[in-house]
Amino acid sequence: MISQLKISLKFFAGFAFVLAMIGLASCDKSSLDVTSEDYFTLGAMDSLHHNGGCGRGSCFEFVYPITIKFADGTTAKVTSNENMRETIRTWKEANPSATERPTLVFPLDVLAKDGTVTSVASEDEFKTLLATCPPQGRGKGRGGRGHKPGDNGQTCFKLNFPVTVQLPDSTTATAADKDALHTILHNWKKNNPTSKVRPSLVFPISVTLTDGTTQSVASKEALTALKESCGN
């Protein structure tokens with residue numbers, strides 16, 4: 001009798017443990033709220049950087065400001081990586097049921113780790129540009145082992161203005177801001193549609209790091225080293 005009671009108690013304890021684990025698993029799943037502001041913002045930042053081949057572990061950095069488009073058709077100009085994050089979160093707070101992530105608006109400009117700057121007119125042009133990157137530089141894959149939302153949506157630095165650009169014909173032009181830089185790049189591409197050589201920045205340049213400090217970058221090699229160290 002006592003032996004049967006012990007067996008019953010052991011069975012009950014084991015069954016209760018299984019139920020508790022199921023309950024915990026259910027709580028974990030329900031806590032992953034894909035409509036929450038935090039989850040949506042992290043996923044959107046991942047998507048924008050991954051699709052643009054920009055940020056940590058990627059070939060390029062966005063030249064801010066850039067424009068993003070939301071699912072309701074509205075657009076927003078963002079001036080930095082942090083401003084992008086704040087803008088997405090604010091939009092999500094105003095649209096709590098939305099699940100579709102924002103997209104990049106073209107044209108936009110990107111800076112490569114070798115100092116070349118490119119104006120990209122469309123998504124197809126961006127795909128062609130990304131094809132020139134090594135596979136590990138096309139944005140970290142989503143959903144891979146150890147991947148967490150937000151892993152991709154980090155920048156390395158922000159380019160500061162003014163900058164001087166050397167064009168492939170060896171002439172130079174100074175850009176006081178992003179709009180002036182885009183005009184220089186756009187005009188070069190328009191007047192030299194078959195050129196395979198990209199305009200490049202004249203060093204030294206100034207960048208702002210993620211901690212807010214400003215750093216002078218003396219050469220193409222220094223820029224490459226900075227970009228690669230950021231991806232680690």
Side-chain angles (χ1 to χ4, degrees), residues 48-49 51-69 75 77-81 83-84 104-134 136-139 155-210 212-231:
L48 290 168
H49 285 76
N51 292 341
C54 291
R56 292 182 180 176
S58 302
C59 278
F60 306 103
E61 289 291 329
F62 291 124
V63 179
Y64 289 101
I66 65 172
T67 300
I68 58 177
K69 183 178 182 180
T75 60
K77 181 179 286 188
V78 294
T79 58
S80 67
N81 204 60
N83 183 228
M84 180 192 292
L104 298 171
V105 174
F106 296 92
L108 55 80
D109 304 326
V110 294
L111 168 64
K113 63 183 180 180
D114 64 358
T116 56
V117 282
T118 305
S119 178
V120 186
S122 66
E123 186 174 356
D124 286 341
E125 272 194 21
F126 221 148
K127 289 178 181 178
T128 300
L129 181 63
L130 287 175
T132 66
C133 290
Q136 67 271 23
R138 298 176 191 171
T155 190
C156 289
F157 53 78
K158 178 185 175 183
L159 179 66
N160 297 326
F161 290 90
V163 296
T164 299
V165 181
Q166 180 169 328
L167 300 171
D169 62 3
S170 297
T171 61
T172 60
T174 298
D177 53 30
K178 160 64 186 299
D179 289 339
L181 175 62
H182 179 75
T183 298
I184 293 168
L185 299 178
H186 174 76
N187 288 342
W188 169 260
K189 181 188 288 188
K190 180 180 178 181
N191 295 328
N192 301 272
T194 61
S195 176
K196 302 298 183 183
V197 183
R198 300 172 192 160
S200 58
L201 296 179
V202 176
F203 293 90
I205 62 172
S206 171
V207 299
T208 299
L209 305 179
T210 54
T213 59
T214 300
Q215 180 172 323
S216 178
V217 183
S219 65
K220 177 178 73 174
E221 291 75 19
L223 181 64
T224 299
L226 176 63
K227 187 80 170 86
E228 291 180 349
S229 67
C230 170

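All heavy atoms count here, side chains included; hydrogens, waters and symmetry mates do not. Numbering starts at 1 and runs along the sequence shown.
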Is the closest side-chain heavy-atom distance between Leu167 and Ile184 below 4.5 Å?
-> yes
To the nearest 0.5 Å, tell me how far Leu104 CG sits from Ile68 CD1.
-> 8.5 Å
Smallest heavy-atom separation, Val202 atom then Val165 atom, equals CG2-C, 4.2 Å
With Glu221 via salt bridge (Lys or Arg N to Asp or Glu O under 4.0 Å) - residues at least two apart = none
If you count the non-hydrogen atoms of other residues, nucleotides and ligands that lie under 6.0 Å from CD in Gln215, is the total more than 12?
-> yes
Looking at CZ of Phe157 and OG1 of Thr208, how far apart are the two atoms once the value is rounded to the nearest 0.5 Å?
-> 10.5 Å
Sidechain-backbone polar pair: Lys178 side chain, Thr79 backbone, donor-acceptor under 3.5 Å | no
What distance do Thr128 atom OG1 and Glu123 atom CD have between them, rounded to the nearest 0.5 Å?
-> 11.0 Å
Rounded to the nearest 0.5 Å, how far does NZ of Lys113 lie from CG of Leu223?
-> 10.0 Å
Got Phe161 and Val63 here, is their nearest side-chain heavy-atom distance under 4.5 Å?
-> yes
Heavy-atom check, side chain of Leu129 versus side chain of Val110, under 4.5 Å = yes
Any donor-acceptor pair under 3.5 Å linking the side chain of Lys227 with the backbone of Ser58?
-> yes
Please report the closest heavy-atom contact between Ser119 and Glu125, naming both atoms and the distance.
-> O-OE1, 3.9 Å
Rounded distance [0.5 Å steps], CZ in Phe126 versus CG in Leu108 = 5.0 Å
Keeping the roles fixed (side chain from Lys220, backbone from Gly115), state whether a donor-acceptor pair exists under 3.5 Å.
-> no
Which value, rounded to the nearest 0.5 Å, describes the distance between Ser80 atom OG and Lys158 atom NZ?
-> 5.5 Å
Side chain proximity check, Thr155 to Thr210, heavy atoms < 4.5 angstrom = yes
With the side chain counted from C-beta on, respond yes when Asn192 and Val197 share a heavy-atom pair under 4.5 Å apart, and no when they do not.
-> no
Under the 3.5 angstrom rule, does the side chain of Glu61 hit a backbone N or O of Cys156 as a donor-acceptor pair?
-> yes
Could you tell me whether the side chains of Ser122 and Asp124 share a donor-acceptor contact shorter than 3.5 Å?
-> no
Ring geometry between Phe62 and Tyr64 (parallel below 30°, tilted from 30 to 60°, perpendicular above 60°) = perpendicular
With side chains defined as the heavy atoms from C-beta onward, is the minimum distance between Val117 and Asp109 less than 4.5 Å?
-> no
Side chains of Asn81 and His49: does their closest heavy-atom pair fall under 4.5 Å?
-> yes
